[in-house]
Amino acid sequence: MCFIKLLLEGRHYPGLMKIGTLDLENPLVLAPMAGITELPFRRLAKEAGCALVVSEMVSANGLVHRARKTEALLMSHPAERPLAVQIFGSDPVVMKGAASIVESTGADLLDINLGCSVRKIVRQGAGVALMRDPERLEAILKAVRGALTLPFTVKMRTGWEPSGVQALRTARLAESCGVDAVVVHPRTAVQGFGGEADWSVIAKVKEALSIPVIGNGDILGPDDVVRMQRRTGCDGVMIGRAAIGNPWIFTQALDRLADRPIGIPDLPGRLEIVLRYIRYSVDHFGEERAVRMMRSRVGWFTKGLPNSSRLRESLTRLQTGEEVLNVVRDYFEQPCHASVS
Ligand SMILES: Cc1cc2nc3c(=O)[nH]c(=O)nc-3n(C[C@H](O)[C@H](O)[C@H](O)COP(=O)(O)O)c2cc1C
């Protein structure tokens with residue numbers, strides 16, 4: 001019965017989403033988050049069931065100038081595929097060049113950032129600045145579309161004022177330039193990440209377009225995924241901050257979408273995920289850098305557990321990945337955690 005109901009409702013069945021030529025297993029997407037959605041994090045999200053992961057934003061300028069640190073952001077692992085790479089920039093020629101580089105590295109989808117409201121980016125005319133410069137945006141979209149065979153998306157905000165007029169105009173422009181899907185994070189440039197996301201803007205964009213629309217903003221738990229789809233009609237749902245230290249939100253959302261009971265990871269389950277994150281980080285970043293990073297990042301996964309500040313403190317004294325694994329293992333096996341699971 002549930003299966004038939006989900007099938008009839010189409011988008012509520014976790015098996016449906018297509019962006020251009022890319023078939024996705026379900027409608028869930030990990031949001032790009034600079035400094036967070038690096039390769040190890042994306043692998044966890046993918047393993048938890050999300051259909052598409054997106055890189056951190058990558059500078060188009062850095063790519064065409066072959067900056068080593070920028071190129072490193074394109075590194076990928078077969079286990080995380082399909083992978084979307086997001087680029088930002090404001091020069092059509094540079095964006096076209098960067099898009100070709102992304103395609104040549106084997107990414108599965110290219111996304112253009114039309115949402116970043118950080119002053120440094122906006123001053124360059126990139127990110128959300130492009131939402132008030134339709135001529136430049138059109139030139140970028142046409143140049144990139146012409147150079148690219150990959151599926152192609154844009155990720156936008158509401159725009160510069162709350163009505164959603166710029167979001168609609170940008171979305172229509174994107175569709176007319178051959179973009180395959182749009183992501184809408186319905187906050188204004190001025191809002192940053194504060195206040196509430198206005199999901200009605202997602203609904204307006206969905207209403208206006210024929211290509212898929214992915215809604216984003218304020219998904220705090222699995223129920224919100226269904227709520228957003230019902231309220232806006234969006235085809236996909238992108239999850240950002242709620243996945244930090246909590247990749248199982250994707251598994252829970254899939255359960256919710258399929259009308260199954262929602263599983264809650266017990267302590268051994270959580271431990272297993274943190275250990276994988278540490279291992280993937282050592283593999284990807286090298287031991288020294290990964291051990292340093294784990295001082296703050298293990299805390300993402302232990303939020304709310306007893307004595308987590310003591311754990312953070314002990315992590316500052318460690319030198320090797322093996323030591324980090326052992327300390328984290330000991331921490332999770334403390335008797336005071338028995339009541340938590
Ligand atoms: C730390 C951080 C970094 C972010 N970096 C990016 C980015 O590189 N590109 C982008 O399009 N959005 C970026 N975002 C915005 C998220 O992709 C997302 O739109 C926003 O967090 C709203 O979704 P949420 O409520 O599910 O977190 C970032 C957000 C955060 C919190």
Side-chain angles (χ1 to χ4, degrees), residues 27-39 41-42 45 48 50 52-60 62-63 69-70 73-74 83-90 95 98 102 107 109-122 124 126-131 152-159 167 170 174 179 181-199 201-202 205 213-229 232 234 236-247 249-250 252-253 293 296-297 299-300:
L28 303 180
V29 183
L30 173 68
M33 287 184 284
I36 293 170
T37 53
E38 295 138 336
L39 192 155
F41 189 91
R42 299 195 301 260
C50 101
L52 180 67
V53 296
V54 189
S55 73
E56 308 168 80
M57 63 184 200
V58 179
S59 157
L63 284 182
K69 274 194 181 162
T70 309
L73 297 175
L74 298 186
L83 168 69
V85 170
Q86 185 188 68
I87 58 171
F88 70 93
S90 59
M95 293 293 270
V102 169
L109 184 152
L110 180 93
D111 179 74
I112 291 188
N113 182 316
L114 305 181
C116 184
S117 57
V118 172
R119 201 182 309 154
K120 197 174 107 189
I121 304 292
V122 172
Q124 299 167 26
V128 71
L130 288 169
M131 290 190 71
F152 174 26
T153 59
V154 293
K155 178 169 178 282
M156 68 179 80
R157 280 182 178 256
T158 296
T170 305
V179 166
V182 301
V183 182
V184 183
H185 171 210
R187 282 191 170 85
T188 63
V190 182
Q191 263 183 299
F193 297 113
E196 256 183 48
D198 177 2
W199 289 0
V201 175
I202 303 173
V205 172
V213 173
I214 298 168
N216 167 237
D218 293 352
I219 299 291
L220 304 178
D223 289 348
D224 295 326
V225 171
V226 175
R227 212 171 289 138
M228 181 185 270
Q229 282 201 321
T232 69
C234 65
V237 176
M238 176 179 269
I239 304 177
R241 290 164 293 178
I244 300 174
N246 182 30
I249 189 172
F250 292 105
Q252 293 177 324
M293 289 169 83
S296 55
R297 296 192 177 193
W300 290 348

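Indexing begins at 1, ligand by ligand and atom by atom, following the structure's order. Basis for what follows: all heavy atoms, side chains included, without hydrogens, waters or symmetry-related copies.
Distances below 4.0 Å separate heavy atoms of Lys155 from the following atoms of ligand 1: 10 (C), 11 (O), 12 (N), 15 (C), 16 (C), 17 (O), 18 (C), 19 (O). For ligand 1 and Arg241, the ligand atoms under 4.0 Å from any heavy atom of the residue are 21 (O), 24 (P), 25 (O), 26 (O), 27 (O), 31 (C). Heavy-atom contacts of Ala31 reach the following atoms of ligand 1: 17 (O) (cutoff under 4.0 Å). Set against the non-hydrogen atoms of Gly217, the atoms of ligand 1 under 4.0 Å away are 23 (O), 25 (O). Contact atoms of ligand 1 toward Asn113: 9 (N), 10 (C), 11 (O) (distance under 4.0 Å to a heavy atom of the residue).
Protein heavy atom closest to atom 13 (C) of ligand 1, with residue, atom name and distance, is Pro32 O, 3.0 Å. In terms of protein heavy atoms, atom 26 (O) of ligand 1 is closest to Gly240 N, 2.9 Å. Residue, atom and distance of the protein heavy atom nearest to atom 5 (N) of ligand 1 are Ala34 N, 2.8 Å. The protein heavy-atom contact nearest to atom 15 (C) of ligand 1 is Phe193 CE2, 3.5 Å. With hydrogens left out, the protein atom closest to atom 1 (C) of ligand 1 is Ile36 CD1, 3.7 Å, a heavy atom. Protein heavy atom at the shortest distance from atom 18 (C) of ligand 1 is Asn216 OD1, 3.3 Å. In terms of protein heavy atoms, atom 11 (O) of ligand 1 is closest to Gln86 NE2, 2.8 Å.
At least one donor-acceptor pair closer than 3.5 Å links the side chain of Trp199 to the backbone N or O of Gly217. Counting only distance, with no hydrogens or angles, the side chain of Gln124 and the backbone of Gly89 share no donor-acceptor pair below 3.5 Å. Proximity of a side-chain donor or acceptor of Arg187 to a complementary backbone N or O of Gly195 within less than 3.5 Å is detected. The main-chain N or O of Arg42 is never found under 3.5 Å from a side-chain atom of Thr37 such that the two would form a donor-acceptor pair.
Counting only heavy atoms from C-beta outward, the side chains of Asp224 and Ile239 never approach each other to under 4.5 Å. Within the 4.5 Å cutoff, no side-chain heavy atoms of Phe41 are placed close to those of Val53.
The shortest N/O to N/O separation between Met57 and ligand 1 falls below 3.5 Å.
Checking each of Leu63, Asp111, Thr70, Leu74 against Ile87 for a side chain to side chain contact (heavy atoms under 4.5 Å, CB included) leaves exactly one that passes, namely Leu63.
Heavy atoms of His185 found under 4.0 angstrom from ligand 1 belong exclusively to the side chain.
Phe193 carries Arg157 over the face of its six-membered ring, with the cationic atom under 6.0 Å from the centre and within 45° of the normal.
Salt-bridge formation is not detected for the pair Arg227/Asp218: no Lys NZ or Arg NE/NH1/NH2 atom is positioned less than 4.0 Å from an Asp or Glu carboxylate oxygen.
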